[in-house]
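What's counted below: heavy atoms across the whole structure, side chains too, no hydrogens, waters or symmetry copies.
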Amino acid sequence: MMTIHDFNRGPFPARVRIALAELGLQDKVRFVEVNLRTGAHKRPEFLAKNYSGTLPVLELADGAFIAECTAITEYLDHLGDRPRLTGTTARERGVIHMMNKRAEIEFLDPISVYFHHATPGLGPDVELYQNAEWGERMRDKALRGARYFDEVLSQRPNVAGETFSMADITVVAAFIFADIVKLTIPSHLGHLHAWHDRMSARPSVQGWRDMGRSDRNMPLET
């Protein structure tokens, strides 16, 4: 049995939860909640699991830890006979990893910076340094990223090509984070919104927050 250390309202944990559902691995993991709002992810006992102090973290049965969403997805995708989210040919793998990185750098990560610097973020006990100007710049970068992905999706059905991949999951997570921070994705980006409507209909995207809820060792916040 594998263990996922995460926070089930977070957009980054959503990436791994959606991947788990797409791969049918929900029954192979249990979830342990790490409360971001109390700074539990920055305490020594958690840093021993992940030096970066970020979520999610995958704990294997032998006690090894794998952090970073891309790395975790890569591991999960190769547990079966044929990868489904990270590509099978050299070309597919290269394009998927390229587009996944762009989704992080141009869209998801800037929203995260905006959240931590230009909004109350996780609160004063966790946000020990904030630079509102930098946060606003990253908000604008995220909107430029949205325009880029609208153009990409005007030419193909999914972020990295014909097939749903972890790059799509990363852009879905950007939408999740945008909703959290109330960042409106301009309505005129019709290709991006049409793609997001299709993604939102997928069972994996609809149900990620409820995955493993019975395994939580902390009550959900209201």
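Taken to the nearest 0.5 Å, the CD atom of Glu59 stands 5.0 Å off from the OG1 atom of Thr3. Separation of atoms CD1 (Ile66) and CE (Met2) is listed at 9.5 Å; rounding is to 0.5 Å. Taking CD from Glu136 and CG from Asn131, the interatomic distance works out to 10.5 Å, rounded to the nearest 0.5 Å. Expressed to the nearest 0.5 Å, how far CG of Asp168 lies from CH2 of Trp195 amounts to 5.5 Å. Note that CH2 of Trp208 is 14.5 Å distant from CD of Glu22, once rounded to the nearest 0.5 Å. Rounded to the nearest 0.5 angstrom, Glu92 CD and Ser165 OG are separated by 9.5 Å.
Side-chain atoms of Gln155 do not come within 3.5 Å of backbone N or O of Gly161 as any donor-acceptor pair. When atom types are taken as modelled, the side chain of Lys42 and the backbone of Gly53 share a donor-acceptor pair closer than 3.5 angstrom. Between the side chain of Arg198 and the backbone N or O of Pro157 there is at least one donor-acceptor pair closer than 3.5 Å. For the pair Ser52 (side chain) and Thr54 (backbone), a donor-acceptor distance under 3.5 Å is absent. A donor-acceptor contact shorter than 3.5 Å is absent between the side chain of Asn50 and the backbone of Val57. Judged by distance alone, with hydrogens and angles left aside, the side-chain atoms of Thr170 form a donor-acceptor pair with the main-chain N or O of Met166 at under 3.5 Å.
Looking at heavy atoms from C-beta onward, Phe175 lies in side-chain contact with His193 at the 4.5 angstrom threshold. Looking at heavy atoms from C-beta onward, Val16 lies out of side-chain contact with Leu58 at the 4.5 angstrom threshold. In this structure, His116 and Glu127 have side chains that are in contact, with non-hydrogen atoms separated by less than 4.5 Å. Between Pro56 and Phe7, the closest side-chain pair of non-hydrogen atoms is not below 4.5 Å. Between Arg84 and Phe164, the closest side-chain pair of non-hydrogen atoms is not below 4.5 Å. Two residues are said to be in side-chain contact when any heavy atoms from C-beta on lie closer than 4.5 Å; His41 and Leu122 meet this criterion. Between Phe12 and Ile176 there is no side-chain heavy-atom pair separated by less than 4.5 Å.
Of all the heavy atoms in Val126 and Arg37, the pair that sits closest is CG2-O, 3.8 Å. Across Ser154 and Glu151, no two heavy atoms sit closer than the pair OG-O, 2.5 Å. Here the closest heavy-atom approach between residue Ala167 and residue Ala103 is recorded as O-CB, 4.3 Å. When all heavy atoms of Ala71 and Ala67 are compared, the closest pair comes out as CB-O, 3.4 Å. Asp150 and Leu189 get closest at one heavy-atom pair: OD1-C, 3.1 Å. Between Ala146 and Ile185 the shortest heavy-atom distance is CB-CG2, 4.2 Å.
Taking hydrophobic clusters as Ile, Leu, Val, Met, Phe, Trp and Tyr residues chained together by side-chain heavy-atom distances below 4.5 Å, Ile72 shares a cluster with Val205. In the hydrophobic clustering of this structure, Ile105 does not group with Leu183; members are Ile, Leu, Val, Met, Phe, Trp, Tyr whose side-chain heavy atoms approach within less than 4.5 Å, directly or through other members. Hydrophobic clustering keeps Leu47 apart from Ile4 (ILVMFWY residues linked when any side-chain heavy atoms are closer than 4.5 Å, directly or through intermediates). Ile180 and Met211 fall within a single hydrophobic cluster, where Ile, Leu, Val, Met, Phe, Trp and Tyr are joined by side-chain heavy atoms under 4.5 Å apart, directly or via other members. In the hydrophobic cluster analysis, where Ile, Leu, Val, Met, Phe, Trp and Tyr join through side-chain heavy atoms closer than 4.5 angstrom, Val159 is grouped together with Met98.
Other residues, nucleotides and ligands contribute more than 12 heavy atoms inside 6.0 Å of the CG atom of Asp62.
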Pair Thr38-Asp125, side chain to side chain contact (heavy atoms under 4.5 Å, CB included): steps then yes or no: CA-CA 7 Å; Thr38 63; Asp125 292 336; over 6 Å; no
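Using cut-offs of 30° and 60° for the angle between ring planes, the Phe65 and His5 rings count as tilted. Ring geometry, Phe149 versus Phe107: the interplanar angle falls under 30°, so the pair is classed parallel (tilted spans 30 to 60°). Under the 30°/60° scheme for interplanar angles, the aromatic rings of Phe177 and Phe115 are found to be tilted.
Stacking of Arg137 on the aromatic ring of Tyr114 is not recorded, the 6.0 Å distance cut-off and the 45° axial limit not both being met.
Thr86 pairs with exactly one of Thr73, Asp77, Thr70 by the side-chain hydrogen bond (donor to acceptor under 3.5 Å, both in side chains) rule, that one being Asp77.
A salt bridge does not link Glu106 to Arg147: none of the charged side-chain nitrogens sits closer than 4.0 Å to a carboxylate oxygen. Salt bridge annotation for Arg15-Glu104: present, with a cationic side-chain nitrogen under 4.0 angstrom from a carboxylate oxygen. One finds a salt bridge joining Arg93 and Glu74 here, because a Lys/Arg side-chain nitrogen approaches an Asp/Glu carboxylate oxygen to under 4.0 Å. Salt bridge Asp6/Arg17: present, at least one basic N to carboxylate O contact under 4.0 Å.
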